[in-house]
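The next block holds one structure in the form of structure tokens; read it before the comments.
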Amino acid sequence: MHKTMKLTLAGVALLAASWACAQDVELLVKHTAMSSGADGIKRSTEFSERVSRSKDNVWVSRVLPARSHADHDHAKGDKAHKHIDVATASRWISKDAAGNAQISLVPNDEKVLVNVSKTDWENVGFDGSWDAAWGLIDPASIKRMKAGAVAGDLTTYTLAEKGRNVKVVWNTKLLIPVLVESSDASSRRQTTVQVLQAASARPWDQLRGFEKKDYSDYLD
């Protein structure tokens, strides 16, 4: 997933209390960003991810055009010198026996499971927060936000400070945001979350036979 969004959610206690009965969910997460530079050029980016989540696992896969990955430059060349495409590799974030977060990458079109040690987390854009990975945003963050409208399972939170505005619509049943918006004088970001039909098989249960490697194996 892109770099974790840092927000606060007043449901920290609720999150902890609900962890044991957390629901498995399948999600489509769409990210949009727009910015205006000092050069007068407006730039926009958009991408989507599928997220599978259980109590102790989060799997994030970038939605890619058909065959785009197979034709990418990184996929060319001999096997010994192939690099890993961190941006498009699937991410499996899980908890070990001690409750600590761990992350592995699964390159597209390859049966390889790449372990990422803590020293390399920054290189793959992981901040080490299990709560933020599991809740899509950091649930330790909505204490500073103002609670607003409530509609069923959804509660809207807002924050306005130093020229920046943030809005979060939080699903108190599924413990995920369905909408996150932030804006300032020169940029605007939006993330929308759609709940999908449950998958017939969970991706982390389909890794039998995958070759195991370390992230350091791909470094020059």
Side-chain angles (χ1 to χ4, degrees), residues 1-7 22-35 42-54 56-76 82-94 101-116 121 123-127 129-138 167-171 174-183 187-207 210 213 215 218:
M1 188 181 293
H2 71 305
K3 190 173 182 179
T4 306
M5 292 170 287
K6 294 291 185 181
L7 299 170
Q23 298 185 38
D24 293 4
V25 291
E26 188 82 11
L27 308 169
L28 178 64
V29 183
K30 297 182 179 180
H31 305 281
T32 304
M34 293 168 284
S35 63
K42 293 184 178 181
R43 299 171 175 84
S44 64
T45 58
E46 182 176 341
F47 66 96
S48 298
E49 298 169 316
R50 286 194 64 134
V51 177
S52 299
R53 189 191 75 180
S54 71
D56 296 319
N57 298 275
V58 178
W59 185 283
V60 183
S61 295
R62 178 72 59 84
V63 177
L64 299 172
R67 294 193 58 80
S68 63
H69 184 79
D71 295 332
H72 196 278
D73 288 343
H74 97 282
K76 301 176 182 178
K82 185 180 294 185
H83 291 176
I84 187 171
D85 187 347
V86 173
T88 62
S90 294
R91 296 169 176 241
W92 178 26
I93 304 167
S94 58
Q102 54 190 8
I103 181 171
S104 298
L105 303 180
V106 181
N108 288 274
D109 303 320
E110 297 182 49
K111 289 192 173 184
V112 179
L113 180 63
V114 182
N115 176 65
V116 183
W121 283 358
N123 293 332
V124 300
F126 181 53
D127 64 4
S129 172
W130 166 256
D131 290 356
W134 194 85
L136 302 185
I137 61 176
D138 188 352
K167 175 182 177 181
V168 176
V169 180
W170 182 253
N171 187 312
L174 297 179
L175 301 178
I176 55 171
V178 298
L179 174 69
V180 178
E181 292 181 339
S182 63
S183 62
S187 66
R188 180 175 180 271
R189 295 177 179 272
Q190 182 185 77
T191 296
T192 59
V193 181
Q194 176 186 354
V195 179
L196 304 176
Q197 183 176 356
S200 58
R202 299 177 297 186
W204 52 84
D205 291 332
Q206 303 180 63
L207 300 174
F210 276 45
K213 290 188 176 184
Y215 179 77
Y218 291 86

Self-check item: side-chain hydrogen bond (donor to acceptor under 3.5 Å, both in side chains) partners of Ser90, counting only residues at least two apart
Solution: Ser61
Quiz item: Should Asn123 and Val116 be marked as a side chain to side chain contact (heavy atoms under 4.5 Å, CB included) after you check the CA-CA gap, both sets of side-chain angles, and the distance that decides it?
Solution: CA-CA 9 Å; Asn123 293 332; Val116 183; over 6 Å; no
Self-check item: Pairing residues for Gln102 by the side-chain contact (heavy atoms from CB on, under 4.5 Å) criterion, not counting sequence neighbours
Solution: Ser94, Asp96
Quiz prompt | Residues which pass side-chain hydrogen bond (donor to acceptor under 3.5 Å, both in side chains) with Glu26, listed by chain and number, not counting sequence neighbours | solution = Arg50, Ser52
Practice problem: Could I get the full list of side-chain contact (heavy atoms from CB on, under 4.5 Å) partners for Thr45, not counting sequence neighbours? | Solution: Ala33
Practice problem: Check step by step if side chain to side chain contact (heavy atoms under 4.5 Å, CB included) holds for Ile84 and Lys213. | Solution: CA-CA 11 Å; Ile84 187 171; Lys213 290 188 176 184; over 6 Å; no
Exercise. Measure up the Trp59 and Trp204 rings against each other and bin them: parallel (under 30°), tilted (30 to 60°), perpendicular (over 60°).
Key: tilted
Quiz prompt | Donor-acceptor pair, side chain of Trp170 and main chain of Leu179, under 3.5 angstrom | solution = no
Exercise. Identify, with sequence neighbours excluded, every residue that meets side-chain hydrogen bond (donor to acceptor under 3.5 Å, both in side chains) alongside Asn171.
Key: none
Self-check item: Side chain Arg91, main chain Val124, donor-acceptor under 3.5 Å
Solution: yes
Practice problem: Specify the closest pair of heavy atoms between Val112 and Tyr218, including all atoms of both residues, with the distance to one decimal. | Solution: CG1-OH, 3.5 Å
Practice problem: Under the side-chain hydrogen bond (donor to acceptor under 3.5 Å, both in side chains) rule, collect the residues that match up with Thr192, sequence neighbours excluded. | Solution: none
